Amino acid sequence: MTADLFADSEAPEPLYETMGEGAVLLRGKALPLEDEVIAALAAITARAPFRNMVTPGGFVMSVAMTNCGAAGWVTDRKGYRYDRNDPETGKPWPDMPDSFLRLAVEAAAEADYQDFTPDACLINRYEPGARLSLHQDRNERDFAEPIVSVSLGLPAVFQFGGLKRTDPVAKYALRHGDVAVWGGPSRLRFHGVQTVKEDLHPKLGRVRINLTLRRAR
């Protein structure tokens, strides 16, 4: 049951969990950089505020989003894509902070992806009640590059499925500072986030922030 994922246990959690071939979960990997990352996040959202984007089908997403880096992921009635500029301002997305880049490179290397250098970071904000349905990341040019996903704030349940939407789905409890990395044979596996529950994080309040770092171009 999902509730059991968050239950206390006498045995400490492993710092490195294998989710599949080429896919790992690094517990607490972001904690040494959390203050730098949170400060950088505030600077980014001051220039490119969070917004609830619209899918090509016309649905407003429950997860609010923004971006930083050379390209930003966007969705609207015209489709899913990467764009160099923020469509709301017409200006380039904020630069990717050194702390984001350093964290992504180190996490990827720990997962055996030695030459990963992201150029795009999608930033998702989940308030209680928000969720992200199962999907594949398919808008990047090169699927040989991994994905690095950083969890901050409220806990959540990460769903990690297979290469087909109907494949069985494993569930992982994500907490503040956890970093998931997947690539290689797992690069196109379906994944999502179950509905975030009401709670309060001491540094970020009643939100969950997710940084998804990719090589888009």
Side-chain angles (χ1 to χ4, degrees), residues 1-34 37-38 41 63 99-118 120-126 130-137 140 143-163 165 167-197 199 201 203-204 207-215:
M1 295 177 61
T2 300
D4 294 337
L5 294 171
F6 294 100
D8 291 333
S9 173
E10 293 182 1
E13 286 187 338
L15 298 180
Y16 184 108
E17 296 180 39
T18 299
M19 299 190 297
E21 188 178 358
V24 300
L25 179 55
L26 307 173
R27 295 287 185 189
K29 177 66 179 177
L31 292 179
L33 288 172
E34 64 175 327
V37 168
I38 291 172
L41 176 65
V63 177
S99 57
F100 286 25
L101 181 61
R102 188 160 79 251
L103 178 57
V105 169
E106 290 179 1
E110 194 167 337
D112 291 331
Y113 299 103
Q114 302 298 330
D115 299 317
F116 177 60
T117 305
C121 178
L122 171 64
I123 307 169
N124 290 344
R125 185 187 68 193
Y126 297 76
R131 61 185 293 272
L132 193 61
S133 59
L134 287 175
H135 64 282
Q136 294 171 300
D137 289 351
E140 297 75 35
F143 296 153
E145 299 286 351
I147 293 168
V148 175
S149 177
V150 181
S151 291
L152 301 169
L154 295 184
V157 176
F158 180 57
Q159 299 175 295
F160 198 58
L163 298 178
R165 189 181 295 274
D167 286 342
V169 174
K171 298 177 182 179
Y172 297 89
L174 296 180
R175 299 180 180 87
H176 179 75
D178 290 345
V179 179
V181 183
W182 64 93
S186 292
R187 173 60 177 75
L188 292 176
R189 288 174 66 160
F190 279 86
H191 57 282
V193 176
Q194 289 187 345
T195 302
V196 173
K197 297 181 179 180
D199 204 344
H201 186 269
K203 291 192 175 182
L204 291 174
V207 297
R208 173 181 186 260
I209 300 294
N210 179 247
L211 314 177
T212 305
L213 297 114
R214 309 178 178 103
R215 184 74 187 175

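What you see is a predicted model, and the numbers here were worked out from it, not measured in a lab.
Ring to ring, Tyr172 and Trp182 are not that close: their centroids are 6.0 angstrom or more apart.
Between Ile123 and Phe100 the shortest side-chain heavy-atom distance falls below 4.5 Å. Here the side chains of Arg27 and Asp178 are in contact, with some heavy-atom distance below 4.5 Å. Residues Asn210 and Tyr126 have side chains in contact (heavy-atom distance under 4.5 Å, counting atoms from C-beta outward). Between Lys171 and Gln194 the shortest side-chain heavy-atom distance falls below 4.5 Å.
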Could you check Leu163 against Arg189 for side chain to side chain contact (heavy atoms under 4.5 Å, CB included), going step by step and ending with a plain yes or no? CA-CA 5 Å; Leu163 298 178; Arg189 288 174 66 160; 3.8 Å; yes

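Side-chain N or O atoms of Thr212 include none that pairs as donor or acceptor with a backbone N or O of Ser149 at under 3.5 Å. Without hydrogens or angle criteria, Tyr113 side chain to Gly22 main chain gives a donor-acceptor distance under 3.5 Å. A donor-acceptor pair is defined here as one N or O able to donate and one able to accept, closer than 3.5 Å; no such pair exists between the side chain of Glu140 and the backbone of Arg215. No donor-acceptor distance shorter than 3.5 angstrom exists from the side chain of Arg165 to the backbone of Gln136, with no hydrogens or angles considered. A side-chain donor-acceptor contact under 3.5 Å links His135 to the backbone of Ser133. Side-chain N or O atoms of Gln114 include one that pairs as donor or acceptor with a backbone N or O of Ala109 at under 3.5 Å. Using a distance-only test at 3.5 Å, with no hydrogens or angles considered, no donor-acceptor pair links the side chain of His191 to the main chain of Gly161. When atom types are taken as modelled, the side chain of Arg125 and the backbone of Val207 share no donor-acceptor pair closer than 3.5 angstrom.
Shown are Val179, Thr117, Val150, Ile147; of these, the side chain to side chain contact (heavy atoms under 4.5 Å, CB included) with Leu213 is made only by Val150.
Considering all non-hydrogen atoms of both residues, Ala111 and Val24 come closest at CB-CG2, 3.5 Å. In plain terms, the two heavy atoms of His201 and Leu154 that are nearest each other are N-CD2, 3.7 Å. Of all heavy-atom pairs spanning Ser151 and Leu174, the tightest one is OG-CD1, 3.5 Å. Contact between Glu145 and Phe116 at its shortest, heavy atoms only, is OE1-CD1, 3.5 Å. Between Pro146 and Val181, the closest heavy-atom pair is CB-CG1, 4.3 Å. Pairing each heavy atom of Ala104 with each of Val148, the nearest pair is O-CG2, 3.9 Å.
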